[in-house]
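Quick caveat, the model's predicted, so the values are computed rather than measured. Atoms within a ligand are numbered from 1 in the order they appear, just like the ligands themselves. Residues take their numbers from the sequence shown, with the count starting at 1. Heavy atoms only: backbone and side chains are in, while hydrogens, waters and symmetry mates are out.
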Amino acid sequence: MTSDRIAILGGGMLGVCTALELARHGRRVTLIEGAAHVLEGASRWNEGKIHLGFLYAADPTLSTAMRLIPGGLAFAALVSRLLERSLDPFVTEDDIFLVHRDSVVDAASFEVYAKRTAGLVRDALSQSGASVYLTDVSRIAVHPLSPSELADTTCSDDVVAGYRLPERSISTIAVADLMRAALVDEPRIEVRTGTWVTAVQRRDDGRLDVITDAAGRDDLSQRYDVVVNALWEGRPAVDATLGIVPPAPWSHRFRAAVFARSHETALRSAVLCTGPFGDIKRYADGRLYLSWYDSGLLAQGHEIEPPRSTAVLTAARRAVVLEGTLTSLSRFFPLVQGLKTQARQLDVEGGWVYAVGQGSLADVSSTLHRRDKFNMTIDRGYISVDTAKYSLAPWLAARVADIVLGA
Ligand SMILES: Cc1cc2nc3c(=O)[nH]c(=O)nc-3n(C[C@H](O)[C@H](O)[C@H](O)COP(=O)(O)OP(=O)(O)OC[C@H]3O[C@@H](n4cnc5c(N)ncnc54)[C@H](O)[C@@H]3O)c2cc1C
C-alpha cells in the first residue's frame, strides 16, 4: 500500500540506498540513525573494493565469488542512477593482486582460482546482458605480471607472483558525501539522526514499533507497517529483540585504516593476498586508502553486541595505526614512506565489520575466508538485511525496495 509507514534503521550505504530507492518510487520513509550524521560508519571508512570475488581465493568452492558477483556488477549502474551522475572521478584503476609467500593460497592455486572467477564474471555478464562494472569487463582476463613488471610493483622478495585484474574500488568518502546530498534533496525521506534504536516490538495488530532512546519525545517510532533493519554491527542485537538469532558463528571486528590525499604520489593500487596482509588504493580524485590488517584490527568480539567500548579511536591509537600501517606497507612499496611529508591529509578512521565467520585470516580453515552466508530475514513487514559487503549494498537495497513495493 502506498500509505504504508516505512522505517529504515541505520543510515549506512544499505539504509540510505534503500531509502532513496523507495522515495524515488513515491514512498515516504523515516530513516533512523544513531550517530550525529548518516554515513559516518563503515560505509564511509572503507576501501570500497567493488568485489568480483578475486579476494576470496581461500574459498575454492567459488561460492563466495558467485554470491558477490551480481552485486559487484550492478554497483555502478545502481549508484549512478541514485546519484544521477557518473562515478568515474572516484574510481581506482585495475587492481594488482600480489601473492605473498605466506599466503594461505599458493600462487599456482591463486591463478587457477582467478581464472575460474573471471569465467564466472563472464557467465554472469552473458546471463544479465549487463556490461559495465566500474570499467568494461566484457573481456575480463587474468594478466600475470612479468618478472620486470613485478619488480616495478614491489621491492619485496616476500611477493612470489602478481596478477593484474580488472577489479576496482571506489572512494567511499566521495560516495558518502554525494549520498548525503541526495538525501537532503529528497523530500520524501525524513532523516532522524542521533536516535539510538534499542528494540523492535510487534503490536497485536501486527504493526511494528521501533523503540529508541528518543521514546516519549515524539511518536515517530510508532506503528510501522514495514521496518528495514540495516544496522550492520547493531543489527543482530535489534533482531534478537524480535527473537531472531544470527547464524553462528559470527564475529564483530573493528578495523581502522589510513585515509590520505596526495596528488603527487606515484603509488598504485595493489593488494597483498591471500591472508592478513595489506593494500593500497589510489582513487582518481587523489584520495588514497592504506591498510595493514594487523595494525588496523583494533577490537573483535563474538557477542550479540559489538565490543564498542574497546574500539574507541583515541589520538594515541590513531598514531599507532598510522605508524604500523605505513611501516608495514613500505616494506613492499617504498613510496609509502614519502606520504608522511607529501600527503595533504593523513587520517586514521575505521568501522565495524560484522561477518558470519570467525578465526584468523592466517589460517586457511578460518570461516572468515568464506563470505557466502549473508542473508535477509523477512517476517511480516520486518526485513533484516546482512549487507556483508559495501559492494552489495545498492543491489540489496534494490531487492529490499522490490519486496516492499511488491507487498
Ligand atoms: C576498514 C574496512 C574496509 C572494508 N573494505 C571493504 C571493501 O573494500 N569492500 C566492501 O565491499 N566492503 C568493505 N568493508 C565492509 C563494508 O564497509 C560494510 O560491509 C558496509 O559498509 C556495511 O554497510 P551498512 O550500511 O550495512 O553499515 P554501516 O555503514 O555501518 O551503517 C549502519 C549504520 O547503523 C548505525 N547503527 C548501528 N546500530 C545502531 C542502533 N542500535 N541504533 C541506531 N543506529 C545504529 C550506525 O551508526 C551506522 O551508521 C570494509 C569495512 C571496513 C571497516
Q | Contact residues of ligand 1, where a non-hydrogen atom lies under 4.0 Å away | A | G10, G11, G12, M13, L14, E33, G34, A42, S43, W45, N46, E47, G48, K49, H51, T195, W196, V197, A230, L231, W232, E233, G234, R255, Y289, R308, G351, V353, T387, A388, K389, Y390, S391
Q: For the pair D95 and K49, find out whether any cationic side-chain nitrogen is under 4.0 Å from an anionic carboxylate oxygen.
A: yes
Q: Examine R235 relative to Y354 and say whether NZ or CZ is less than 6.0 Å from the centre of the six-membered ring and inside a 45° cone about the ring axis.
A: yes
Q.
Whether the side chain of R268 engages the backbone of T153 through a donor-acceptor N/O pair (distance < 3.5 Å, no angle test) should be reported.
A. no
Q) Is R27 salt-bridged to E21, cutoff N-O under 4.0 Å? A) no
Q) Is R168 positioned over the aromatic face of Y133, cation under 6.0 angstrom from the ring centre and no more than 45 degrees off axis? A) no
Q: Ignoring hydrogens and angles, tell me if any N or O in the side chain of Y283 forms a donor-acceptor pair with the backbone of Y289 under 3.5 Å.
A: no
